[in-house]
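Data block below; observations after.
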Amino acid sequence: MKILVLYVNGMVQLPGFSVDNVEAKLKEYLELQFTAETTITLIQPDASTVPYDKIVTQLAQCIAEQSADYDGFVVIQAIEQVEYSATLLSYCFTSLGKPIVFTGAGKEYFANESPELYEEVGLRTNLMTAIQIATLNCRGVFLAYGSNIIRAERAVHFPSEMQWFMSGGEEFIAQVQFGIELQPGVAPRLTHSLQLDTRYSTEVLLWQATPHQLLPVHTIMQQYQAVIIYGASLPVLQPQLYEYSMGLPLIVVADDPANVMQDLNISEDVYIVPPITPACILAKTMVGLGRYTTSDQLRAWFTNDDHQEYILV
Amino acid sequence: MTILLLNDSKVDITGVLQQRNIRIWSSINDVPTAVVGHSTLSMLERVDAVILELSEVSPNAQYILAQAIILQKPTLCLYPKQKPPRDLLNHLVHRNIPKMITTRAYTTVTVQDILANFLESLQPSICQEIPNIKFTLRLTPSLERYLQWLTDQKQINKAEFIRDLLKKQLESDQEYKG
């Protein structure tokens, strides 16, 4: 098995690491594993100032160019925004037959011990786990931080004493116990070629709905191409949506979308979607705006559940 | 002491470890629920050592070996003398592998000694005495209930718990040692 390891960021913040020695350190870590032949590519050794969507575009292009040469891909990225990167990357592929596994150091691991030591230990163990998963019979984009392996489309960053991510509305695709075994039903590899479409828009506002905040209409009209209202419920929505006339796509994530659609006079610019993680609806909206121009096309896009991203009760 | 054991061969490693009252985890069914829910990276965090029988080098065995090296768990890699895992051994020879990772060729004659030496290196007192003297202890109902509760909490059997109590008493009894 041949695995491509793409380093984005996260390691240079650890003590003893720098932009100059990241590659050497990774080589040292990867020498321990016996499962696959690995190659390292540095995407952005110090990517702290680069917008995550630009990094995702580079990742997608790099993976697409080399997809025929490798059986799987591991992306090392700092944990803070990884669910946003991973979901956007997932949508950039219109056809993905191999696994892409995001991993890195988890912070605040073993809070009572030396954090610097255990961030490195966590990075190395997570990296071994990610390499192992990238060799298994699965396809898609996954997160491997800790012992619970999650699909990117369901990942919610929720640091607890033991783990860093929750899986929204879905079991983990695998757990690290005595080795790693995929859960039944995980989508297997496909042999067809990878297809890429990196068109997206970044001018999307993700708005947490509250009873007392009005949408800043003027600001939205100037700066954004779409608005996502998250955490919506009928009593909160109604005063704002009856007045909605901005002409921009308004995506409403509702716990009970059918109920919302019956009670509101929905314009063609409003798209009601079932529960979904914030990172996923943001990525889905960005990509939808980049690819589609008409409300019918957008409606078909938001209705589509090919990524199994909606958390259906 | 708890040891993670991967053994798909016919060699009875389990019996040798059980004689020494070592807790063995070979599958998730052996692991207490409380431990499963409190492992950030893997079960390896919660064991004292690892024994891998490598007649067949599975991907999972390779993965566990890599994790054991990172987590610095004493690890014994056993392989049949007539069937060494050459690729794996060559790989280990050419890497800066910590000394706590040992590889040993075994036969049915030598395997017990190899295991005893490995366990001795972990905790010398484990191998010195095997409990083989039967002792009947009668308890009152309330004491039995308390003993049952204690051993449920500590996830060890009653005999082991009582032996541990006596060992601690022995270690602190200066008059006896004198």
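No experiment lies behind these values; they were computed from the predicted model shown. Numbered from 1 within each chain, the chains take letters A, B, ... in sequence-line order. The basis for the numbers below is simple: all heavy atoms, side chains too, and nothing from hydrogens, waters or symmetry mates.
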Nearest heavy atoms of A:Cys280 and A:Ile276, plus distance in Å:
CB-CG1, 3.7 Å
Can you name the closest pair of heavy atoms from A:Leu127 and A:Thr103 and give their distance?
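Smallest interatomic distance, heavy atoms only, reads N-OG1, 4.0 Å.
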Within the 6.0 Å centroid threshold, strictly below: A:Tyr145 and A:Phe165:
yes
B:Ser58 versus chain A, the contacting section by heavy-atom distance below 4.5 Å
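The answer is neither part of B:Ser58.
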After noting the C-alpha distance and the side-chain angles of B:Glu160 and B:Lys167, does the key distance pass the salt bridge (Lys or Arg N to Asp or Glu O under 4.0 Å) rule?
CA-CA 10 Å; B:Glu160 189 178 350; B:Lys167 271 186 205 167; over 6 Å; no
Among residues 24-35 of chain A, which ones touch chain B with a heavy-atom distance under 4.5 Å?
A:Glu31, A:Leu32, A:Gln33, A:Phe34, A:Thr35
Kindly compute the distance separating CZ (A:Phe73) from CD1 (A:Ile131), expressed to the nearest 0.5 Å.
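That separation rounds to 12.0 Å.
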Drop me the distance from A:Leu143's CG to A:His157's NE2, to the nearest 0.5 angstrom.
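Going from the CG atom of A:Leu143 to the NE2 atom of A:His157 covers 9.5 Å.
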